[in-house]
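Numbering of ligands and ligand atoms starts at 1, following listing order.
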Amino acid sequence: MVPETPASMNPKISRHPHGIVAVDTEYLYPGHAAAHILQQNGRAAFVDVGTNYSVPYLLAALDELGIARAAVDYVFLTHVHLDHAGGAGVLLKALPNAVAVLHPRGAPHMIDPEKLIAGSKVVYGEERFERLYGELVPIPEARVKVVQDGDRCELAGRDLQLIHTPGHAMHHYAIVDRAHASIFPGDTFGISYRALDTAQGAFITPTTTPTQFDPEQLLASIDRMLSFAPESMYLMHYSRVRDVPRLAESLKSQIREFVAITGRHGPGEDRYEAIRADMLRLWLRLAREHGCAQSDGEIEHLLGNDLDLNTQGLIAWDERRRKSGS
Ligand SMILES: [Zn+2]
C-alpha cells in the first residue's frame with residue numbers, strides 16, 4: 001500500500017544552498033528532527049527519513065518541490081536508530097526507483113527489524129515505542145545497497161562519498177558532498193537546536209544514545225569529518241550548522257567531560273540521577289556562556305530528552321567497559 005498524502009498536509013521546509021532542503025519530520029515536536037532532500041539535475045535523494053508518521057510530510061515535501069516519486073534514486077540512512085530510519089520501509093513503498101543505502105552492520109536490521117524493535121522497546125518501553133514509531137515495515141533485501149567505508153554513490157553526476165563514522169553507533173556512516181563542502185553526519189556531529197541559536201551562532205551537544213556509544217571512536221569520527229574541511233554540516237537535529245571548527249571543539253571537550261562525569265559516579269549509587277544532574281549543570285553553564293536567553297527550566301525542558309538518552313548511553317558504555325575489563 002502506498003501512503004496517501006492528505007491534501008491539507010503542510011510540510012515545514014527550509015531551503016539551503018546546492019539543492020539541499022530540510023523537511024521537519026514532526027518527530028516529538030516541531031524543530032526536533034529534519035530529514036534532508038538533495039536535488040540534482042532532476043533526480044533526488046533523501047538523507048534520513050524519520051518515522052512512519054513522518055512519511056506523509058516527506059511525500060508532501062516532494063510534491064511541493066515538484067519532485068516526482070519516481071525521481072528519487074536513494075534513501076540514505078545514516079544509521080538505524082528509529083528517529084532516522086524507522087519510516088524507511090513505508091517510504092520505499094512510495095518510491096519505485098529508490099534504494100536504501102545502509103552500513104553493513106545496519107542493513108540486516110532493516111531487512112529483518114525483529115531485533116531492532118526489541119532493542120528499542122528496552123530503551124523506550126512498549127507503549128511509548130508504539131506511539132513514537134508504530135509498526136516497522138521491513139525493507140526488501142533487493143532494495144538495499146550496502147556501503148563499505150569510502151564507497152561512493154552518484155546522484156545525477158553529484159559525487160557522494162560514504163564514510164563509516166562509529167562512536168554514536170557502530171552502524172553509522174556520514175555522507176560527504178565534497179563539491180559543496182557539506183557533510184550529512186547523522187548523529188555523529190551532535191545535536192544543535194535552532195531554538196538555542198544566539199549572536200554567537202549555534203549551540204551544540206554530543207549525543208551518546210544507548211547502546212553503542214564509544215567516546216574514542218566518536219572523537220576520531222569527528223576528526224575524520226573535519227579532515228574534509230566542511231563549511232556546512234546538515235544534522236538530523238536540527239539541519240544546517242556552520243562555524244564547524246568551533247562546534248567540533250565544543251563537542252570534543254563535552255565528550256571528554258562526559259567521560260569524566262561517568263567516572264565520578266560509579267556503580268553502587270544512584271548514578272543515573274547524578275550523571276544527569278552533572279550533564280545538566282555542564283549544559284547550563286555552556287548555554288549561559290553562549291548567551292542563550294532561555295531560563296534554566298526552559299533549557300532543561302528543551303534538552304530533557306537528550307539528558308535522559310545521553311545518561312542511559314553513558315551508563316551502558318561504562319557497564320560494557322567494566323565487563324570487558326578495559
Ligand atoms: Zn542516533
Should the pair R276-E300 be classified as a salt bridge under the 4.0 Å nitrogen-to-oxygen rule? yes
Check the orientation of F203 and H290. Use parallel for under 30°, tilted for 30 to 60°, and perpendicular for over 60°. tilted
For residues H109 and H103, establish whether the separation of their ring centroids is below 6.0 Å. no
Can we call the ring centroids of H32 and Y238 under 6.0 Å apart? no
Note on the Zn ion (ligand 1): protein N/O/S atoms within less than 2.8 Å are H79 NE2, H81 ND1, H168 NE2, D187 OD2
State whether a side-chain donor-acceptor pair under 3.5 Å links Y124 with Y133. yes
Once you measure the plane-to-plane angle for H168 and H172, does it fall in the parallel (<30°), tilted (30-60°) or perpendicular (>60°) bin? perpendicular
